[in-house]
Amino acid sequence: MRNTAKITTAVLAAGALTLGLSACGSDKDSTASDTSGPLIVAASPVPHAEILNFIEKNLAKKAGLDLEVKEFQDYIVPNTATEDGSVDANYFQNQPYLDDFNKKRGTHIVPVVTVHLEPLGLYSHKVKSVDALKSGATVAVPNDAVNEARALKLLASKGLITLKDGAGSEATPQDISKNPKNLKFKEVEAAQTPRSLDDVDAAVINGNYAISSGLKPAKDALVLESATNNPYGNFLAVKKGNENDPRVKKLAKLLTSPEVKKFIEDKYAGSVIPSFK
């Protein structure tokens with residue numbers, strides 16, 4: 001039976017996380033995990049939890065791994081829950097995002113193994129190509145620092161805008177030096193970007209949110225990130241000091257197995273790309 005519990009941000013804000021996890025390790029030591037119980041992993045529903053559930057159903061038992069998957073709809077609680085020991089690991093983020101999160105929140109999360117890339121894409125319900133975007137068109141972009149910069153870099157790579165020299169992983173619309181189409185930018189929570197498509201001319205959407213909203217990045221995106229030398233691969237992560245947890249090592253091996261590679265390629269058809277050979 002699949003050990004999956006869907007947890008929304010609103011419920012967590014009301015304190016259900018602490019209550020719901022009290023029986024499975026919320027009183028763990030803050031610097032080391034209890035390795036005798038199941039490995040509890042926080043994950044975004046798509047594709048991360050789907051990949052983990054495939055492992056739980058098909059590979060974990062043979063590998064001697066007791067895996068429990070908990071789904072989260074946001075990009076904050078998985079890291080804070082990993083930091084405080086409510087979960088043992090998480091699988092949802094990339095290195096630039098984690099670096100920014102650790103810096104701003106004082107957390108100590110570290111990557112274990114990179115699994116896949118979800119190419120960021122530009123989508124529209126109103127035009128069929130980038131060239132069809134009219135002057136003054138409004139483009140929604142994620143409002144968190146890393147994903148907003150990533151979105152602007154995508155647009156710059158396609159010639160829609162030019163960023164100032166030195167604009168890095170915290171670039172904002174203020175760092176645009178040339179904007180030939182006079183595009184206007186609407187900053188939206190990353191999870192809400194698919195819903196914004198009816199209200200804007202186009203939106204830059206993270207791969208997991210695109211897939212979960214019914215979009216097919218490889219087919220539907222007007223433009224899509226290249227996977228070549230892309231720093232935004234998603235990885236399994238733990239609190240520093242827990243990298244050698246034997247359960248974590250088992251999961252890391254399974255996440256980069258030929259079976260998982262085939263599952264990703266078959267299920268997502270180029271919309272999610274394995275980052276390992």
Side-chain angles (χ1 to χ4, degrees), residues 8-10 44-48 72-77 92-94 96-97 100-101 117-164 167-227 230-232 234 268-273:
T8 65
T9 304
S44 298
V46 180
H48 309 80
F72 291 78
Q73 298 288 347
D74 77 311
Y75 284 168
I76 296 174
V77 179
F92 77 98
Q93 66 192 318
N94 56 56
Y97 179 83
D100 181 70
F101 193 98
L117 173 72
E118 302 161 25
L120 198 72
L122 177 69
Y123 302 83
S124 177
H125 283 171
K126 298 179 181 179
V127 298
K128 299 296 185 181
S129 70
V130 169
D131 292 339
L133 283 172
K134 296 180 179 179
S135 178
T138 298
V139 179
V141 294
N143 66 0
D144 63 276
V146 171
N147 281 308
E148 182 170 50
R150 187 180 174 188
L152 294 175
K153 288 178 181 179
L154 171 64
L155 299 178
S157 73
K158 305 303 178 182
L160 286 168
I161 58 173
T162 300
L163 293 172
K164 297 175 183 177
S169 60
E170 295 186 359
T172 71
Q174 284 66 49
D175 293 302
I176 296 173
S177 60
K178 294 181 181 178
N179 187 357
K181 283 183 175 285
N182 192 30
L183 298 176
K184 296 177 174 58
F185 295 93
K186 182 177 181 180
E187 296 170 311
V188 179
E189 183 182 353
Q192 301 303 317
T193 48
R195 297 181 184 179
S196 73
L197 281 171
D198 291 330
D199 302 319
V200 297
D201 297 290
V204 180
I205 304 175
N206 290 74
N208 61 315
Y209 292 131
I211 296 168
S212 61
S213 67
L215 294 167
K216 297 180 179 179
K219 177 183 177 182
D220 297 330
L222 303 183
V223 295
L224 202 62
E225 273 182 328
S226 170
N230 195 303
Y232 296 102
N234 284 205
Y268 302 110
S271 295
V272 178
I273 304 169

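Here the structure is a predicted model, which is why all the values come from computation and not from measurement. In what follows, every heavy atom counts, from backbone to side chain, and hydrogens, waters and symmetry copies are set aside.
Taking Gln192 as the reference, Val188, Glu189, Arg195 meet the side-chain contact (heavy atoms from CB on, under 4.5 Å) condition, with sequence neighbours excluded. By the side-chain hydrogen bond (donor to acceptor under 3.5 Å, both in side chains) test, Asp131 pairs with no residue at all, sequence neighbours left out. For Thr172, the side-chain hydrogen bond (donor to acceptor under 3.5 Å, both in side chains) partners at least two apart in sequence or on another chain are Gln174. Residues forming a ring-ring contact (aromatic ring centres under 6.0 Å, His included) with Tyr75 (at least two apart in sequence, or on another chain): Phe92, Tyr97, Tyr209. The salt bridge (Lys or Arg N to Asp or Glu O under 4.0 Å) check on Glu225 picks up Arg150, with sequence neighbours excluded. Partners of Val46 according to the side-chain contact (heavy atoms from CB on, under 4.5 Å) rule, which considers only residues two or more places apart in sequence or in another chain, are Glu50, Ile211, Ser212. Remark: Ala218 pairs with Ser271 by the side-chain contact (heavy atoms from CB on, under 4.5 Å) rule, at least two apart or across chains. Remark: Asp201 engages no residue in a salt bridge (Lys or Arg N to Asp or Glu O under 4.0 Å) (not counting sequence neighbours).
Taking both residues in full, the closest heavy atoms of Ala151 and Val204 are given as CB-CG1, 3.4 Å, listed atom of the first, atom of the second, then distance. A pairwise comparison of heavy atoms in Leu133 and Ala202 identifies CD2-CB, 4.1 Å as the closest pair. Taking all atoms of both residues into account, the shortest heavy-atom contact from Ala171 to Leu152 is O-CD1, 3.8 Å. Across all non-hydrogen atoms, the minimal contact from Gly168 to Lys153 is O-CE, 3.5 Å. Taking each heavy atom of Val272 and Pro47 in turn, the nearest pair found is CG2-CG, 3.9 Å. Across Pro119 and Leu224, no two heavy atoms sit closer than the pair CB-CG, 3.6 Å.
The closest donor-acceptor contact from the side chain of Asn234 to the backbone of Tyr232 lies under 3.5 Å.
Rounding to the nearest 0.5 Å gives a distance of 8.0 Å between OG of Ser135 and CG of Leu183. Between the CG atom in Leu222 and the NZ atom in Lys158 there is a gap of 11.0 Å [rounded to 0.5 Å]. The distance from atom CD1 of Ile205 to atom CG of Leu120, rounded to the nearest 0.5 Å, is 9.0 Å.
Within the 4.5 Å cutoff, side-chain heavy atoms of Ile176 are placed close to those of Leu163. Between Leu160 and Leu122, the closest side-chain pair of non-hydrogen atoms falls below 4.5 Å.
Residue pairs meeting the side chain to side chain donor-acceptor pair (under 3.5 Å) criterion with at least one member in residues 118-128, sequence neighbours excluded: His48-Glu118, His116-Glu118, His125-Asp198. Listed by first and then second residue, the salt bridge (charged side-chain N to carboxylate O under 4.0 Å, His left out) pairs that reach into residues 210-224 come to none, sequence neighbours excluded.
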- request: Applying side chain to side chain contact (heavy atoms under 4.5 Å, CB included), run through Asn230 and Ile273 and close with a yes or a no.
  value: CA-CA 11 Å; Asn230 195 303; Ile273 304 169; over 6 Å; no

Distance-only criterion, 3.5 Å: show the donor-acceptor pairs between side-chain atoms of residues 136-148 and protein atoms not counting sequence neighbours.
residue, atom, partner, partner atom, Å
Asp144, OD1, Asn147, ND2, 3.3
Asp144, OD2, Asn147, N, 3.0
Asp144, OD2, Asn147, ND2, 3.0
Asn147, OD1, Asn206, ND2, 3.0

